[in-house]
Amino acid sequence: MLKMQKFFIQTFGCQMNVYDGQRIAAMLEKHGLTQTDNVEDADLIILNTCSVREKATNKVYSALGRIRRAKKDSALFGIVGCVARESGSDAFKRIPELNFVLGPQSYHKLPEIIKNPDTRLLNIDLGGLEKFDELPQMTKTPSVAYIPIQEGCNHCCTYCIVPYTRGRELSRPFKDVMQDTLNAAKTGAIEICFLGQNVNGYKYTDENGKLFKLSDLIRETAKLPEIKRIRFTSSYPTEMSDDLIEMFGIEPKLLPFLNMPVQSGSPRVLKRMNRPDDINAYKTIVNKLKTVRPDIQISSDFIVGFPDETDADFEETLNIARDIKYINSYSFKYSPRPHTAAALMDNQISEQIKSVRLQRLDSQLNENQREFNTSCIGQEMICLLEGPDKTGKHLIFRTPYMQQCIVEKPESEISPMQKIKITDANKASLRGEIIK
Ligand code: 5AD
Ligand code: SF4
């Protein structure tokens, strides 16, 4: 067995990957390794990867190229996560020195490479929820704890590689999720963010036939005194059931902010994306949410330049962005991915048109954000401390809408939840004062 002391891990992609990265670190620490930020110093190097768009995959391969040159000769290195699953054994062809390629549901097998450093380890099986049982609990949790409640997705949007990389949708047992939540609360968490590719589709039936939904997880979590804020991401519009909508009216710890991607405002494009294409039904859900929680704000992800998207289709996307007044949203150029139906569709859109559309959508989204941020001036909000800024002179807080709010650093230590009066705003952030 090779003498291994230090590991380096770099995580790309979504919050699910951030969680996976934390669990990998905890697992390696349990095996006696310590984490280093320096690749040159590491005996084991892991890239925890994302393949959602082509750019994300390319980023991983260029990082691998850099690491290959910088690492110690004896160091083992490899990839885990979605690029591992996307590339499979091709990864070894592209980078022959790689020691392991482990998919998002098999990274708990990583210690095998420590025991057998002379072998190559390839495992991209979709093993289900096994990894959750094998990984050690965290002993320290940051103030925001991301807790996966389900993995994979059954919706099969035609652009999306996730059903291929993360497999069919599986909900974790209710008591396992609550165990993780309790552990997070006892080890430092103040905010819980439930994660899933289709988080509001969470459904688990226990051995007595009792059905648990996301609203049950929220209700139970809200009972924990350490937990002050609860949110969840990412929601599929038609899975926004009435019991969940009602929670926004009942449970004050549930933040008044919901990520519910629409992707496009055009029913014609939505149909080809294999997404819910009834825009009025989408608006009805937003209205129901506003009825139970008038201060709620919605965020979305958007894709521009999906195959065969016309100017008129794109105008409908601009319209919905304007109508719903989305805040904190993300927009992407469509990127054809392997193993997806849309990559094979006719009438792929040119890069140039995608760029123009992205710019126009972004300017609408920025306008929404600026307008919302400005409307916050004068309000008092209970915010969660994230940490000091780069200068060390200010503290960064997160508002209930996940805006960044910068305040003067007080002389004395303060508790992480503070009432803050918003004094100024721009497109990117707010400024405020702590109310004593
Ligand atoms: N091209 C561009 N954007 C994509 N997304 C998912 N797949 C693709 C793709 N092939 C975006 C969607 C999703 C977010 C996580 O990434 O907007 O909500
Ligand atoms: Fe990227 Fe999707 Fe995999 Fe997350 S699940 S790492 S966003 S491809």
Side-chain angles (χ1 to χ4, degrees), residues 10-18 47-65 79-88 90-91 94-95 103-104 124 152-153 155-167 197-198 233-234 236 259 261-266 268-275 277 299-311 313-314 316-318 320-321 326 328-365:
Q10 185 177 0
T11 292
F12 302 82
C14 65
Q15 289 304 337
M16 195 74 98
N17 263 19
V18 174
L47 292 191
N48 180 22
T49 63
C50 171
S51 62
V52 73
R53 283 168 291 278
E54 195 184 356
K55 239 193 210 160
T57 299
N58 291 345
K59 225 158 117 183
V60 169
Y61 279 103
S62 42
L64 280 173
I79 53 175
V80 302
C82 292
V83 174
R85 168 82 185 150
E86 177 201 343
S87 303
D90 276 357
R94 282 180 75 167
I95 313 273
I124 54 165
C153 188
H155 281 302
C156 298
C157 304
T158 53
Y159 52 79
C160 188
I161 196 172
V162 169
Y164 179 80
T165 55
R166 298 238 174 206
Q197 267 85 30
N198 178 33
T233 193
S234 194
Y236 193 80
N259 173 249
V262 71
Q263 309 293 358
S264 164
S266 155
R268 201 178 72 88
V269 172
L270 287 166
K271 202 176 245 111
R272 289 161 55 82
M273 286 179 166
N274 193 29
R275 301 267 310 171
D277 61 355
S299 88
S300 180
D301 296 352
F302 295 91
I303 295 177
V304 301
F306 187 78
D308 204 32
E309 182 189 69
T310 62
D311 284 339
D313 291 322
F314 175 66
E316 293 186 87
T317 297
L318 286 180
I320 190 135
Y326 291 108
N328 289 5
S329 296
Y330 293 92
S331 48
F332 308 102
K333 290 184 205 173
Y334 167 70
S335 163
R337 304 308 294 126
H339 317 286
T340 64
L344 306 173
M345 287 181 183
D346 293 337
N347 298 335
Q348 298 280 330
I349 305 296
S350 74
E351 226 8 68
Q352 196 198 351
I353 293 180
K354 284 182 194 169
S355 297
V356 172
R357 289 182 185 165
L358 186 66
Q359 228 171 35
R360 287 188 62 202
L361 177 59
D362 280 347
S363 75
Q364 179 63 52
L365 295 173

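Treat the numbers as computed from the prediction; the structure is a model and nothing was measured. No hydrogens, no waters, no symmetry mates; every other heavy atom, side chains included, goes into these values.
Ring-plane geometry between Tyr326 and Phe302 is classed as perpendicular, the angle between the planes exceeding 60 degrees on a 0 to 90 degree scale with a lower cut at 30.
At a cut-off of 3.5 Å, with distance as the only test, a side-chain donor of Arg337 or Thr57 sits close to an acceptor on the other residue. Side-chain contact, Ser300 with Tyr330: no donor N or O sits under 3.5 Å from an acceptor N or O.
Nearest approach of Ala321 to Gln364, heavy atoms of both residues: CB-CG, 4.0 Å. Listed here is the closest heavy atom pair of Thr317 and Gly265: OG1-N, 3.0 Å. Residues Pro104 and Gly81 approach most closely at CD-O, 3.4 Å, considering heavy atoms. For the residue pair Thr165 and Ser51, the shortest heavy atom distance occurs at CG2-OG, 3.6 Å. A pairwise comparison of heavy atoms in Cys50 and Cys82 identifies CA-CB, 4.2 Å as the closest pair. Minimum interatomic distance between Asn259 and Ser299 (heavy atoms only, all atoms of both residues): ND2-OG, 2.8 Å.
Look at Glu309 and Arg272 and you find no salt bridge, because none of the NZ, NE, NH1 or NH2 atoms lies under 4.0 Å from a carboxylate O.
The side-chain contact (heavy atoms from CB on, under 4.5 Å) test applied to Leu358 returns Val304, Ser331, Lys333, Asp362, not counting sequence neighbours. Every residue was checked against the side chain to side chain donor-acceptor pair (under 3.5 Å) condition with Thr340, not counting sequence neighbours, and none meets it. Residues passing the ring-ring contact (aromatic ring centres under 6.0 Å, His included) test with Tyr164, sequence neighbours excluded: His339. Qualifying ring-ring contact (aromatic ring centres under 6.0 Å, His included) partners for Phe314, counting only residues two or more places apart in sequence or in other chains: none. Looking at residues two or more places apart in sequence or on another chain, you find a side chain to side chain donor-acceptor pair (under 3.5 Å) between Asp313 and Ser266, Arg268, Thr310. Residues that satisfy the ring-ring contact (aromatic ring centres under 6.0 Å, His included) test with Tyr159, not counting sequence neighbours, are absent from this structure.
Note: Ile320 CD1 to Ser264 OG = 9.0 Å, rounded to the nearest 0.5 Å. With rounding to the nearest 0.5 angstrom, the CD1 atom of Ile161 is 13.5 Å from the SG atom of Cys153. Between Ile79 atom CD1 and Ile95 atom CD1 the span is 8.5 Å, to the nearest 0.5 Å. The CD atom of Gln15 sits 11.5 Å away from the OG atom of Ser234 when rounded to the nearest 0.5 Å. In this structure, Gln263 CD and Cys157 SG are separated by 6.5 Å, a value rounded to the nearest 0.5 Å. Rounded to the nearest 0.5 Å, atoms CZ (Arg357) and CD (Gln352) are 11.0 Å apart.
In terms of modelled atom types and a separation under 3.5 Å, the side chain of Gln197 and the main chain of Gly152 share a donor-acceptor contact. Lys354 contributes a side-chain N or O that, together with a main-chain N or O of Tyr334, makes up a donor-acceptor pair within less than 3.5 Å. Formation of a donor-acceptor pair under 3.5 Å by the Asn48 side chain with backbone atoms of Val18 is not found in this model. Between the side chain of Thr49 and the backbone N or O of Val83 there is at least one donor-acceptor pair closer than 3.5 Å. A distance-only check finds a donor-acceptor pair linking the side chain of Arg85 to the backbone of Ile124 [under 3.5 Å]. At distances below 3.5 Å, at least one donor-acceptor pair connects side-chain atoms of Ser335 with backbone N or O atoms of Glu54.
Taking the side chain as every heavy atom from C-beta outward, Pro261 and Tyr236 never approach each other to under 4.5 Å.
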Under the side chain to side chain contact (heavy atoms under 4.5 Å, CB included) rule, what do Asp308 and Asp346 come out as? Steps first, then yes or no, please.
-> CA-CA 7 Å; Asp308 204 32; Asp346 293 337; over 6 Å; no

Take His155 and Asn274, measure what side chain to side chain contact (heavy atoms under 4.5 Å, CB included) needs, and give me the verdict at the end.
-> CA-CA 8 Å; His155 281 302; Asn274 193 29; over 6 Å; no

Phe306/Ile349 under side chain to side chain contact (heavy atoms under 4.5 Å, CB included): CA gap, chis, key distance, verdict | CA-CA 7 Å; Phe306 187 78; Ile349 305 296; over 6 Å; no

